[in-house]
2 protein chains.
Amino acid sequence: MKLSGGVEWALHCCVVLSGVTVPVPAAKLAEFHDVSPTYLAKQLQSMSRAGLVRSVQGQAGGYVLTRSADSITVLDVVDAVDGGEPAFHCTEIRQRGPLATPVEKCVKPCAIARAMAAADRAWREALRASTIADLARDVNEDAGRDVMIGVRGWLGVPAGHPLPLHATR
Amino acid sequence: MKLSGGVEWALHCCVVLSGVTVPVPAAKLAEFHDVSPTYLAKQLQSMSRAGLVRSVQGQAGGYVLTRSADSITVLDVVDAVDGGEPAFHCTEIRQRGPLATPVEKCVKPCAIARAMAAADRAWREALRASTIADLARDVNEDAGRDVMIGVRGWLGVPAGHPLPLHATR
DNA sequence: TCAACTCGGATAACTCTTGTCCGGAATACT
DNA sequence: AGTATTCCGGACAAGAGTTATCCGAGTTGA
């Protein structure tokens with residue numbers, strides 16, 4: 001039972017992106033978090049494919065969230081980076097061996113698969129309950145201040161800038 | 001996010017073992033489920049180490065459940081075979097990079113780790129809710145009959161035999 | 001038009017899981 | 001007592017999946 005390590009990086013990136021509205025290059029995100037730039041690019045591409053972030057090419061390009069931070073759940077990010085497949089895959093052992101159950105009898109998943117699926121649902125439901133906006137709020141509460149101010153400053157985005165919001169497409 | 005494949009085998013074995021009270025050899029369990037005997041032995045050893053099953057050596061030896069089937073949860077088996085480590089491991093990204101949070105400020109887990117831990121708790125709680133006895137009951141309901149009768153027959157355990165229950169230690 | 005910068009997919013190195021094998025110790029039956 | 005059966009632990013090879021890297025395609029801004 002192990003989750004892809006890139007999930008942690010991707011979530012941190014989402015929190016950062018939730019605090020800005022201009023594209024942020026992958027290289028900057030990597031430097032900010034002190035992680036491998038090329039590998040982080042892979043995670044961002046996965047998120048782009050999943051439609052969570054939009055990639056803006058060219059000079060001054062980078063990644064932007066496609067929706068508001070409170071409409072992106074942690075589950076969305078986990079599914080995008082780690083793949084949405086359930087942790088348990090039933091190999092239909094009941095259909096094998098000397099006392100195999102005939103295929104026509106196997107109309108619904110076996111009891112073991114049902115138990116594992118229920119746990120998987122509980123896990124996903126818990127992840128769906130948290131949004132990127134929730135994480136950003138918690139980070140601020142933990143620090144006791146608005147950390148995004150410092151983030152914007154380091155990224156070179158003028159803090160008081162009202163941000164254009166021009167359609168990127 | 002992937003669970004060890006041996007978990008499925010181990011759970012099926014537990015259901016079978018819940019229907020008998022005499023030791024069942026690993027080779028028989030492997031043949032019954034049509035899986036690799038040597039690899040299944042590894043899973044059974046893990047369960048033995050975790051104290052879920054007791055191993056009886058020598059001729060007429062094998063594996064027996066150490067407790068009643070309704071006091072062994074699915075979580076117990078998953079932890080024994082897959083290892084009890086949580087799926088998400090926080091690498092403390094907040095302590096890295098140019099805007100790193102100082103160590104003395106990191107008194108509690110970061111917001112991302114908390115969200116993942118909550119999901120992990122939900123998952124484990126769901127697995128804890130199902131016992132081996134529940135699984136065996138569901139298997140019978142699915143089949144519409146007591147499958148353990150056939151299992152005991154194939155294993156060579158006389159169905160009506162009242163079983164000795166002599167102390168194995 | 002040109003140059004600089006960005007993402008995107010294909011490609012290699014690596015770790016971990018999966019799966020196998022063998023010698024040693026313990027137990028029951030002959 | 002001897003033999004056959006069984007579990008246990010470790011070492012070992014193969015395979016999949018993850019981690020990490022590079023270079024080309026496309027876009028922007030001047």
Side-chain angles (χ1 to χ4, degrees), chain A residues 1-10 13 17 22-31 33-64 66 80-83 85 87-89 91 156 164 166-169, chain B residues 1-10 13 17 22-31 33-64 66 81-83 85 87-89 91 155-156 164 166-169:
Chain A
M1 181 69 166
K2 219 188 78 187
L3 203 54
S4 168
V7 170
E8 185 183 9
W9 302 6
C13 285
L17 290 178
V22 291
V24 180
K28 280 239 175 178
L29 287 170
E31 187 187 355
H33 294 114
D34 187 25
V35 296
S36 159
T38 54
Y39 189 44
L40 178 64
K42 218 175 182 35
Q43 323 299 344
L44 290 167
Q45 285 170 26
S46 296
M47 303 224 307
S48 174
R49 241 174 276 138
L52 299 180
V53 299
R54 179 185 310 284
S55 67
V56 179
Q57 285 201 341
Q59 215 166 9
Y63 289 96
V64 201
T66 55
V81 174
D82 192 60
E85 293 163 19
F88 181 84
H89 178 63
T91 60
H166 53 73
T168 50
R169 187 159 197 170
Chain B
M1 180 69 167
K2 219 188 78 187
L3 203 54
S4 170
V7 169
E8 187 183 9
W9 302 5
C13 286
L17 290 178
V22 290
V24 180
K28 281 239 174 177
L29 288 171
E31 187 186 355
H33 294 115
D34 187 26
V35 296
S36 159
T38 53
Y39 191 43
L40 178 63
K42 232 178 181 20
Q43 324 299 344
L44 290 168
Q45 284 172 24
S46 295
M47 302 223 306
S48 174
R49 241 173 278 139
L52 299 180
V53 298
R54 178 185 313 280
S55 67
V56 180
Q57 288 200 345
Q59 209 168 7
Y63 288 96
V64 201
T66 55
V81 175
D82 192 59
E85 294 164 20
F88 182 84
H89 177 61
T91 60
L155 287 175
H166 52 72
T168 51
R169 188 159 201 170

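Every chain is numbered from 1 and lettered A, B, ... according to where its sequence line falls, protein lines coming before strand lines.
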* When we call it a touch if two heavy atoms are under 4.0 Å apart, what does B/Ala27 touch: a base, just sugar-phosphate, or nothing? ->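 Nothing, no heavy atom under 4.0 Å.
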* **Contact summary for B/Pro23 and B/Gly62, nearest pair of heavy atoms** =>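 Heavy atoms only, the tightest pair is CB-N, 3.6 Å.
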* To do: Please report the shortest heavy-atom distance between B/Tyr63 and B/Leu17, naming the atom on each side.
  =>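 Taking B/Tyr63 first and B/Leu17 second, the nearest heavy atoms are O-CD2, 3.4 Å.
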Roughly how many Å is it from [atom1] in [X] to [atom2] in [N], rounded to a whole number?
X	N	atom1	atom2	answer
A/Gln59	C/dT1	CD	P	18 Å
B/His89	C/dC16	NE2	P	12 Å
A/Lys28	C/dC5	NZ	C1'	13 Å
B/His33	C/dG19	NE2	P	16 Å

* Please check if the side chain of B/Thr66 supplies one atom and the backbone of B/Leu52 the other of a donor-acceptor pair under 3.5 Å. =>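 Yes, the answer is positive, given that a donor and an acceptor are paired below the 3.5 Å cut-off.
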* Whether A/Glu8 side chain and B/Thr91 backbone form a donor-acceptor pair below 3.5 Å ->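 Flag set: sc A/Glu8 to bb B/Thr91 pair under 3.5 Å.
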* Rounded distance (nearest 0.5 Å) linking atom CG of B/Leu44 with atom CZ of B/Arg49 ->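 Going from CG on B/Leu44 over to CZ on B/Arg49, the span is 11.0 Å.
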* Structure fact -> Under a 4.0 Å heavy-atom criterion, the protein footprint on nucleotides 8-21 of chain D, written with B, S and -, is BB-B-------BBB
* Non-neighbouring partners of A/Ala87 that pass side chain to side chain contact (heavy atoms under 4.5 Å, CB included), sequence neighbours left out ->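 Expected list: A/Met1, A/Asp120, B/Met1, B/Leu3.
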* To do: Name the closest nucleotide to the B/Pro25 side chain, picking from C/dC5, C/dA28, D/dC7.
  =>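 Looking only at side-chain atoms, B/Pro25 lies closest to D/dC7.
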